[in-house]
Amino acid sequence: MTRLLTVAAAQLGPVQRHHTRAEVVDRLITLLRDAHRHGAELVVYPELALTTFFPRWYVDDIAEADHWYETSMPNDDTQALFDEATGLGVGICLGYAWKETRDDGSVHRWNVQTLVERDGRTVATYKKTHIPGHEHHEPDRPFQHAERYYFEPSPDGFGVWPAFGGRIGMMICNDRRWPESYRVMGLQGVEMILCGYNTPIHYVPDPSQDILQGFHNALVMQSGAYQNGTWVVGVAKGGVEEGVDSLGQSMIVAPSGQIVAQALTTDDELVIARCDLDWCARYTGTLFDFDRYRRPEVYTRITAQRGVEIT
Ligand code: CDV
């Protein structure tokens, strides 16, 4: 018997600064209902789905940015989405900013995705591992990418959870560019990786990469899928948000590395595929039989060293 999972990448068009969470949640519910009508069992939303991509602005006092963060999930603004999903028997994966205040009084700000099963049970909340951009105000940029000011990098790394009849992993945006992200999940037997993203077309440190944004997006997710024998679901918040044009190109990639479905617009759009989780074993049981063919004893630099060392 094959294990089939119908998944929907619920791409969002822009979320502007003046859009309320209630307005955004309405859009998420519209996508959810449509995905359910098409047989989806899991709906994956983008990174920071509930708000505009606020790291594009720097504020001197980070407390002024607190309103962009959730302090609990679900909460008053998102309860309707969670209720609708559970009522329909559809799972969701939702990206948002989380401000955590611990019992010891310490405050932590994370860029997260929460995965919820079809029965409403929270499977896991994943915190973004690779935080791109800059820590300080860089006034010469046309727009900021101050994620390193607004978010801590996760100390936990990449997990894989039994859910949806398979083994599900998560990563967020910049994580998808790093082969280590996929491999750490591959070594835990991942069968489907869920990844929300916000990728401005204009890459300020090196504009020669602008024209390659779509190519690089597909390149990393297709190679990560193939080299680890896993499905990858990449979900954009695209279009022109507060004057910054961002990549759409949400896609579902098979363990073969082939793109099986891809967005055609940069607006709210569903990309749906019926994914055979057993297809993963065709790769992980043959060419990428890790236990048989990998050589971890000669890969020690990968964890022992961070940057390049010339010997
Ligand atoms: N949200 C992101 O992580 N964006 C990065 C940009 C800054 C390059 C990305 O990797 O798409």
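First listed ligand is number 1; within each ligand, the first listed atom is number 1.
Under the 3.5 Å distance criterion, with hydrogens and angles disregarded, a donor-acceptor pair is assigned to the side chains of Asn75 and Thr78. A donor atom on one side chain and an acceptor atom on the other are found under 3.5 Å apart for Thr125 and Thr114. With 3.5 Å as the limit, one finds no donor-acceptor pair spanning the side chains of Thr86 and Arg121.
In this structure, atom 2 (C) of ligand 1 lies nearest to the protein heavy atom Cys173 SG, 2.8 Å. In this structure, the protein non-hydrogen atom closest to atom 10 (O) of ligand 1 is Arg177 NE, 2.6 Å. For atom 7 (C) of ligand 1, the closest heavy atom belonging to the protein is His145 CE1, 3.2 Å.
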Between side-chain atoms of residues 153-160 and protein atoms elsewhere (two or more places apart, or another chain), which donor-acceptor pairs fall under 3.5 Å?
{"residue": "Ser154", "atom": "OG", "partner": "Asp156", "partner atom": "N", "Å": "2.9"}
{"residue": "Asp156", "atom": "OD2", "partner": "Lys127", "partner atom": "NZ", "Å": "3.0"}

Using residues 248-257 as the side-chain source, report each donor-acceptor pair under 3.5 Å to any protein atom, sequence neighbours left out, with the distance given to one decimal.
{"residue": "Gln249", "atom": "OE1", "partner": "Asn217", "partner atom": "ND2", "Å": "2.8"}
{"residue": "Gln249", "atom": "NE2", "partner": "Gly214", "partner atom": "O", "Å": "3.4"}
{"residue": "Ser250", "atom": "OG", "partner": "Gln11", "partner atom": "OE1", "Å": "2.6"}
{"residue": "Ser250", "atom": "OG", "partner": "Ala236", "partner atom": "N", "Å": "2.8"}
{"residue": "Ser256", "atom": "OG", "partner": "Gln258", "partner atom": "N", "Å": "3.2"}
{"residue": "Ser256", "atom": "OG", "partner": "Gln258", "partner atom": "OE1", "Å": "2.8"}

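With hydrogens and angles disregarded, a donor-acceptor distance shorter than 3.5 Å links the side chain of Arg176 to the backbone of Cys173.
By the criterion of a heavy-atom distance under 4.0 Å, neither the backbone nor the side chain of Tyr197 is placed next to ligand 1.
Between Lys128 and ligand 1, at least one N/O pair is under 3.5 Å apart.
Listed by number with element, the atoms of ligand 1 under 4.0 Å from a non-hydrogen atom of Asn198 are 1 (N), 2 (C), 4 (N). Taking a cut-off of under 4.0 Å to the non-hydrogen atoms of Phe53, the atoms of ligand 1 that pass are 1 (N). Each of the atoms 1 (N) of ligand 1 lies under 4.0 Å from some heavy atom of Glu47. For ligand 1, the atoms sitting less than 4.0 Å from at least one non-hydrogen atom of Glu147 are 1 (N), 2 (C), 3 (O), numbered in the order shown with element in parentheses. In the vicinity of Asn174, heavy-atom distances shorter than 4.0 Å reach the ligand 1 atoms 3 (O), 9 (C), 10 (O).
Ring pair Tyr197/Phe53: centre-to-centre distance not below 6.0 Å.
The residue from Thr199, Asn111, Val220 that puts a heavy atom closest to atom 11 (O) of ligand 1 is Thr199.
Close to ligand 1: Pro132, with a non-hydrogen atom less than 4.0 angstrom away.
Here the CD-CG distance, from Gln113 to Leu115, works out to 8.5 Å after rounding to the nearest 0.5 Å.
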